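Model, not experiment: these values are computed from the prediction.
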Amino acid sequence: MTTTNGHTNGDPSATLPQWKVLARKHREHQASLIPAEWRLKSVPSPTDEKSAIPIIEQHLSSTELEITSLSQTLPALQSAVRSRKYTAHQVTSAFCHRAALLQQTTQCLTEILFSSALATAESQDAHLEKTGDFIGPLHGIPVSVKDNQDIKDVDSTLGWVGLINHPAKADTPLVETLRSLGAILYCKTNIPQSMMMSDSYNHTYGQSVNSLNRNLISGGSSGGEAALIGGGGSLIGIGTDIGGSVRIPATLQGLYGLLPSVGRVGNRESIRRDKYVVPGVAGPLSRSLDDLEQFLDIYLNQGRPWELDPAVYPIPWRKEVVAHYATKQRMKVAYITDDGVIRCQPPVERAVRETISTFEQGGHEVVDWNDIAKRLHGCAYDLWLRAVLADGGERMKVFCAQIGEPLIEGMLVGKPENHLDTNGRMALFDEIWEFQREYMKMWRESGVDVLVMPTTQWVGLRPKMWVKADMYVGYTSIWNMMNWTALTVPGVTVSKELDRPSQEWTEYKGRSFSDEFNHDGYDVDFVEGMPVGVQLVTGRMGEEKAVGIAKLLEMLKRQ
């Protein structure tokens with residue numbers, strides 16, 4: 001309350017805009033949902049302790065450490081639940097506790113659903129005790145989802161303060177399928193405002209950071225999901241991707257992240273072609289390839305999501321395709337290290353070259369795709385940009401107007417001059433279709449089985465650097481525009497010895513502001529030890545092919 005002399009009687013919220021007050025209250029509510037016994041008395045600074053993992057693991061019991069170990073896998077945990085080594089409640093409580101600790105060290109969560117998750121776990125245990133039957137193949141397995149996946153009676157804020165206290169009226173079909181399989185939904189994960197940058201920062205939930213190095217961002221827009229999984233707070237999670245939003249955060253935390261073609265994993269936004277010229281898709285993230293494969297097998301073969309979701313095609317998980325490529329003796333493997341727009345930092349290039357060397361030593365033919373990339377990929381990025389900016393920023397204006405919340409700097413947001421009317425969109429659809437057709441023809445005639453390439457040109461960024469950089473996502477966005485499958489897999493870790501800048505790198509002059517920013521921002525000492533992934537691109541509906549080739553790659557690395 002403001003007095004006649006302009007003072008506020010000690011109430012600081014009286015002078016704050018409404019959106020800041022609401023955001024602060026919501027953060028306080030979020031923090032209150034963490035049980036008192038799971039709250040950390042203090043959190044070491046990122047300078048004192050880079051990784052979140054040693055901080056959190058000292059607060060877990062021996063059983064919780066065993067259940068949530070970074071070496072834990074989905075098949076092994078399923079087996080432990082089915083053998084009744086662990087109850088659903090024990091497993092759920094362990095992952096809720098670890099997620100709570102990761103939230104306090106990385107800001108990876110949005111909605112905290114621990115109470116309802118533990119109640120569901122108790123119900124599953126009671127059902128098993130009474131009937132001897134499991135709910136489904138994911139009975140007792142906690143699964144995390146990105147904030148934009150609707151869960152009934154829970155907010156999906158999309159990073160906007162104005163969407164707080166607007167709970168979803170129903171589960172998305174994806175969530176409904178997960179529940180039918182026995183999965184326990186226990187949290188939603190952080191994103192950027194409107195999910196349009198490769199960082200995860202918004203006014204409500206703050207800045208998510210990398211669970212392996214808290215001086216660095218977690219990436220985005222599925223950055224909270226990647227931080228949670230990378231820190232052991234989840235085995236399998238669902239993100240979404242319209243230009244790299246699963247793959248970029250996955251590679252920054254050493255994870256597997258899948259961009260499927262439209263129609264394989266349920267996502268309503270994928271079919272809203274009036275809203276998106278290039279549709280976003282949902283895809284899983286995991287720490288192990290076995291977990292990713294197991295989830296897709298269960299989701300598609302036992303979940304049969306096409307019976308609930310008209311956006312999913314009735315294509316089961318094709319194990320025979322996985323097996324074919326996992327044992328293939330001779331393939332043609334193309335590679336890209338530089339698409340001609342932004343030069344990749346040294347560890348990124350090394351990750352591609354070492355992957356290619358592994359295939360070559362395994363007897364596979366290797367072909368250089370750099371000239372093709374330099375000829376076509378810049379054009380692809382221009383088309384993708386025109387597509388994602390085509391609404392001219394109208395959706396963002398609506399969100400901002402809800403409560404007077406400002407737009408966060410650095411997002412890809414259209415301006416009035418980018419707006420395309422119906423005829424303009426139709427013309428852009430035609431241009432994209434022609435590009436897709438040309439690329440498919442070239443791929444088919446070349447006989448390439450898989451393309452190995454960078455996921456992103458950089459290794460790690462400090463918080464807020466994204467907004468300064470005019471960042472380029474062309475290494476990932478082309479496959480969204482093509483509607484092709486791309487699987488990010490771990491490659492190398494940054495080494496001071498192997499990735500020290502050469503004289504040629506030091507003397508390199510950037511092609512653009514973004515290229516110079518990426519070049520000048522490389523600091524091998526600062527990012528030492530961080531993971532660097534690569535993409536395996538396998539064409540349209542190539543999910544099984546990608547998993548099979550990734551399995552082959554893992555086998556070749558062990559030889």
Side-chain angles (χ1 to χ4, degrees), residues 146 159 191-201 216-223 225-226 239-253 257-259 276-281 283 285 336-345 348 351-352 373-374 376-390 408-414 418 432 435 451 453-461 464-488 510-519 521 532-535 537:
K146 188 175 178 177
I191 58 175
Q193 193 185 61
S194 271
M195 302 177 293
M196 287 309 294
M197 62 174 154
S198 293
D199 193 356
S200 290
Y201 168 76
L216 302 172
I217 64 173
S218 61
S221 61
S222 307
E225 195 63 51
T240 57
D241 193 315
I242 197 172
S245 290
V246 163
R247 291 160 290 158
I248 291 172
T251 204
L252 297 180
Q253 262 111 165
L258 180 68
L259 169 77
Y276 302 106
V277 176
V278 172
V281 296
L285 300 88
I336 294 169
T337 54
D338 183 352
D339 68 358
V341 181
I342 306 289
R343 182 175 177 181
C344 293
Q345 294 174 353
V348 178
V352 174
K374 290 173 181 176
L376 293 176
H377 286 212
C379 299
Y381 191 61
D382 289 342
L383 289 171
W384 179 84
L385 270 179
R386 287 165 58 195
V388 298
L389 302 178
I408 288 175
E409 185 183 1
M411 284 197 301
L412 280 173
V413 179
N418 304 125
I432 290 172
F435 183 93
L451 172 61
M453 63 179 292
T455 305
T456 188
Q457 65 271 18
W458 46 277
V459 176
L461 293 175
K464 306 299 188 297
M465 282 182 69
W466 179 270
V467 304
K468 306 173 186 176
D470 188 22
M471 293 299 289
Y472 171 79
V473 293
Y475 283 101
T476 46
S477 61
I478 180 174
W479 309 120
N480 298 85
M481 196 190 70
M482 286 292 297
N483 190 24
W484 280 16
T485 300
L487 173 64
T488 289
R511 304 157 180 151
S512 64
F513 168 76
S514 294
D515 197 22
E516 289 176 1
F517 189 95
N518 183 63
H519 175 270
V532 181
V534 299
Q535 291 183 96
V537 181

Distance (rounded to the nearest 0.5 Å) between Ser477 OG and Tyr472 OH: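 It comes to 6.5 Å.
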Within this structure, what is the CD1-CG distance for the pair Ile432 and Leu383, rounded to the nearest 0.5 Å?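 Rounded to the nearest 0.5 Å, the CD1-CG separation comes to 5.5 Å.
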Quick one: does any side-chain atom of [X] pair with a main-chain N or O of [Y] as donor and acceptor, under 3.5 Å?
| X | Y | answer |
| --- | --- | --- |
| Gln345 | Asn518 | yes |
| Thr488 | Thr251 | no |
| Asp199 | Ile217 | no |
| Thr476 | Gly243 | yes |
| Trp458 | His519 | no |
| Asn418 | Gly414 | no |
| Gln535 | Tyr475 | yes |

From CA spacing to verdict: side-chain contact (heavy atoms from CB on, under 4.5 Å), Leu487, Leu259: CA-CA 6 Å; Leu487 173 64; Leu259 169 77; over 6 Å; no
Between [X] and [Y], which heavy-atom pair has the shortest distance, and what is it?
| X | Y | value |
| --- | --- | --- |
| Gly159 | Ile191 | N-CD1, 3.6 Å |
| Leu461 | Met465 | CD2-CE, 3.8 Å |
| Asp339 | His377 | CB-CB, 4.2 Å |
| Gln253 | Pro249 | NE2-O, 2.8 Å |
| Ser221 | Thr240 | OG-O, 4.3 Å |
| Val246 | Gly283 | CG2-O, 4.0 Å |

Identify whether the distance between the nearest side-chain nitrogen and carboxylate oxygen of Asp241 and Lys146 falls below 4.0 Å.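 Lys146 and Asp241: not salt-bridged.
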With Arg247 as reference, evaluate Thr456, Leu285, Thr455 under the side-chain contact (heavy atoms from CB on, under 4.5 Å) test and give the passing residue. Thr455
Can you label the angle between the Trp484 ring and the Trp479 ring as parallel, tilted or perpendicular, going by 30° and 60°? parallel
Look at the aromatic rings of Phe513 and Phe517 and report parallel, tilted or perpendicular, splitting at 30° and 60°. tilted
Do the non-hydrogen side-chain atoms of [X] and [Y] ever get within less than 4.5 Å of each other?
| X | Y | value |
| --- | --- | --- |
| Leu389 | Val413 | no |
| Met195 | Ser222 | no |
| Arg511 | Arg343 | yes |
| Gln457 | Val348 | no |
| Pro454 | Val352 | yes |
| Leu412 | Met197 | no |
| Gln193 | Tyr201 | no |

Where do Leu252 and Ser218 land on the side-chain contact (heavy atoms from CB on, under 4.5 Å) test, with the steps shown first? CA-CA 7 Å; Leu252 297 180; Ser218 61; over 6 Å; no
If you apply the rule side-chain hydrogen bond (donor to acceptor under 3.5 Å, both in side chains), what do you find for Tyr276 with Asn480, and how did you get there? CA-CA 12 Å; Tyr276 302 106; Asn480 298 85; over 6 Å; no
Determine, step by step, whether Ile478 and Tyr381 satisfy the side-chain contact (heavy atoms from CB on, under 4.5 Å) criterion, reporting the C-alpha distance in whole Å, the side-chain angles of both residues, the deciding distance to 0.1 Å, and the verdict. CA-CA 6 Å; Ile478 180 174; Tyr381 191 61; over 6 Å; no
Checking Glu409 against Lys464 for the side-chain contact (heavy atoms from CB on, under 4.5 Å) test, could you report, in this order, the C-alpha distance in whole Å, the side-chain angles of both residues, the deciding distance, and whether it holds? CA-CA 9 Å; Glu409 185 183 1; Lys464 306 299 188 297; over 6 Å; no
